[in-house]
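Note sheet for the following structure.
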Number of protein chains: 2
Amino acid sequence: MSRSDLYGMRRCACGNLRRTTRSITQFYDQLLQPSGLRITQFSLLLNISLHGNISVGELGAILLMDQTTVTRNIEILRKQGYINMTKEDDDARKKSISITENGARKLVEAKPLWEQAQSRIEQGLGSERYHDFLKTLKDVAQIVQ
Amino acid sequence: MSRSDLYGMRRCACGNLRRTTRSITQFYDQLLQPSGLRITQFSLLLNISLHGNISVGELGAILLMDQTTVTRNIEILRKQGYINMTKEDDDARKKSISITENGARKLVEAKPLWEQAQSRIEQGLGSERYHDFLKTLKDVAQIVQ
DNA sequence: AAATAACATATGCATATACATATATTATTT
DNA sequence: AAATAATATATGTATATGCATATGTTATTT
């Protein structure tokens with residue numbers, strides 16, 4: 001294959017998404033470090049807090065995360081005492097996941113750290129571009145659903 | 001913390017990047033499946049092909065990937081016979097990584113599968129928006145460097 | 001030249017991710 | 001009601017990821 005044939009593949013949507021995501025994840029994880037939360041755990045905890053008594057499958061649908069990954073990731077939060085998991089009354093297959101007081105306190109603790117990282121990105125891009133960026137991320141995900 | 005306080009955190013740059021990246025990665029991996037390559041391996045192989053005799057550290061710098069991750073990911077390609085790794089003559093600390101004929105054939109085989117996934121995204125967004133999106137991804141990565 | 005510093009890569013460990021499949025529970029069919 | 005299908009979650013396995021640190025090699029200092 002000629003060099004120029006390969007060259008065009010550098011525009012790969014997935015490769016570029018993954019590269020930027022690696023970099024930004026390191027950045028957020030570094031700033032969140034004093035809280036002991038990683039950005040993945042922070043996002044999970046946030047969504048559990050926003051949707052009280054949510055199930056594994058529903059969390060996966062919201063986060064576009066495989067159910068098996070949700071199962072494993074919430075187990076880390078449970079061990080730390082940040083969430084509770086109980087069997088649902090009307091459907092014993094389902095777990096009902098909710099945040100604990102410790103989990104809520106941890107979110108409060110992590111919030112200013114998250115804001116530090118977040119404002120760096122938003123100010124770096126500018127509000128309008130940042131807004132467009134979020135919209136495009138959602139649209140890209142939508143295209144493949 | 002009040003509900004509205006939490007609500008604003010849904011705009012998290014990292015959370016949104018990771019969510020979309022999970023989804024797009026599944027999409028590309030699915031279409032690449034007949035080749036046996038995953039998108040991460042495809043991206044690595046592509047960059048090794050584009051930069052002959054590259055080192056672990058240089059690959060990491062290009063892909064914004066930790067050196068230890070590069071070390072492990074290229075080992076998978078080596079086992080498959082897609083790349084060679086030799087000690088550099090002038091600096092025995094460095095590995096010199098290059099693509100094999102089998103690796104080049106595998107890239108040729110994967111290219112139309114990749115194009116199928118890629119065109120879906122580009123056509124879904126439209127050329128101009130896609131171009132802007134790539135630019136913004138690079139800018140976002142740049143902000144935290 | 002020996003000691004030390006700097007650099008490149010590798011290894012131990014923990015988390016993140018998803019596919020294939022198993023298990024348990026509820027819903028539907030016969 | 002028993003059999004079957006559908007659904008929700010869990011487990012086995014493999015890849016992806018990065019931090020802390022170890023190892024081996026080259027460069028610099030004394």
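Values reported hereafter were calculated over all heavy atoms of this structure, with side chains retained and with hydrogens, waters and symmetry mates removed. Residue numbers start from 1 in every chain, and the chains themselves are labelled A, B, ... in the order their sequence lines are given, proteins ahead of strands.
No donor-acceptor distance shorter than 3.5 angstrom exists from the side chain of A:Q80 to the backbone of A:G103, with no hydrogens or angles considered. Looking only at distances, no side-chain donor or acceptor of A:K95 sits under 3.5 Å from a matching main-chain atom of A:S55.
For the helix from C:dA1-D:dT30 to C:dT30-D:dA1, the end axes, each set by the C1' atoms of five terminal pairs, are bent relative to each other by 0° (nearest 10°).
Residues that satisfy the side-chain contact (heavy atoms from CB on, under 4.5 Å) test with A:N16, not counting sequence neighbours, are A:R19, B:L134, B:L137, B:K138.
Put simply, the side chain of B:I74 does not reach to within 4.5 Å of the side chain of B:Y82, judged on heavy atoms. With a 4.5 Å cut-off on side-chain heavy atoms, B:L77 and B:I48 count as touching. Looking only at side-chain heavy atoms (C-beta outward), B:S35 and B:W114 stay at 4.5 Å or farther from each other. Using a 4.5 Å heavy-atom cutoff, the side chains of B:F42 and B:K106 are not in contact.
When the shell of 6.0 Å around CD of B:Q145 is examined, it contains more than 12 heavy atoms from other residues, nucleotides or ligands. Within a 6.0 Å sphere centred on CD of A:E101, other residues, nucleotides and ligands contribute 12 heavy atoms or fewer.
Classification of B:R72 and B:E75 as a salt-bridged pair fails, no side-chain N sitting under 4.0 Å from a carboxylate O. With respect to the salt-bridge test (charged N to carboxylate O, under 4.0 angstrom), the residues A:D139 and B:R129 qualify. A salt bridge does not link A:E109 with A:R105: every distance from a Lys NZ or Arg NE/NH1/NH2 to an Asp or Glu carboxylate oxygen is 4.0 Å or more. Taking the charged nitrogens against the carboxylate oxygens, B:E88 and B:R93 have no contact shorter than 4.0 Å, which rules out a salt bridge.
Counting to the nearest Å, the C1' atom of D:dT15 and the CG atom of B:L44 are 12 Å from each other. Following rounding to the nearest Å, B:R18 (CZ) and C:dA16 (C1') show an atom-to-atom distance of 7 Å.
Both tests hold for A:R10 against A:Y7: distance to the six-membered ring centre under 6.0 Å, angle to the ring axis within 45°.
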- [ ] Carefully, step by step, assess A:R18 and B:T25 under the rule side-chain hydrogen bond (donor to acceptor under 3.5 Å, both in side chains).
- [x] CA-CA 8 Å; A:R18 292 185 68 83; B:T25 297; 2.9 Å; yes

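Using a 4.0 Å cutoff on non-hydrogen atoms, no part of residues 103-119 of chain A comes near DNA chain D. DNA chain D lies under 4.0 Å from at least one heavy atom of each of the following residues of residues 58-86 of chain A: A:Q67, A:T68, A:T71, A:R72. For the contact set between residues 20-43 of chain B and DNA chain D, defined by any heavy atom under 4.0 Å, the members are B:R38, B:T40, B:Q41.
Between D:dA8 and A:K87, no contact under 4.0 Å exists linking OP1 or OP2 to a side-chain N or O.
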Between protein and nucleotides 26-28 of chain D, what N or O pairs are separated by less than 3.5 Å?
residue, atom, partner, partner atom, Å
D:dT26, OP1, B:A92, N, 2.8

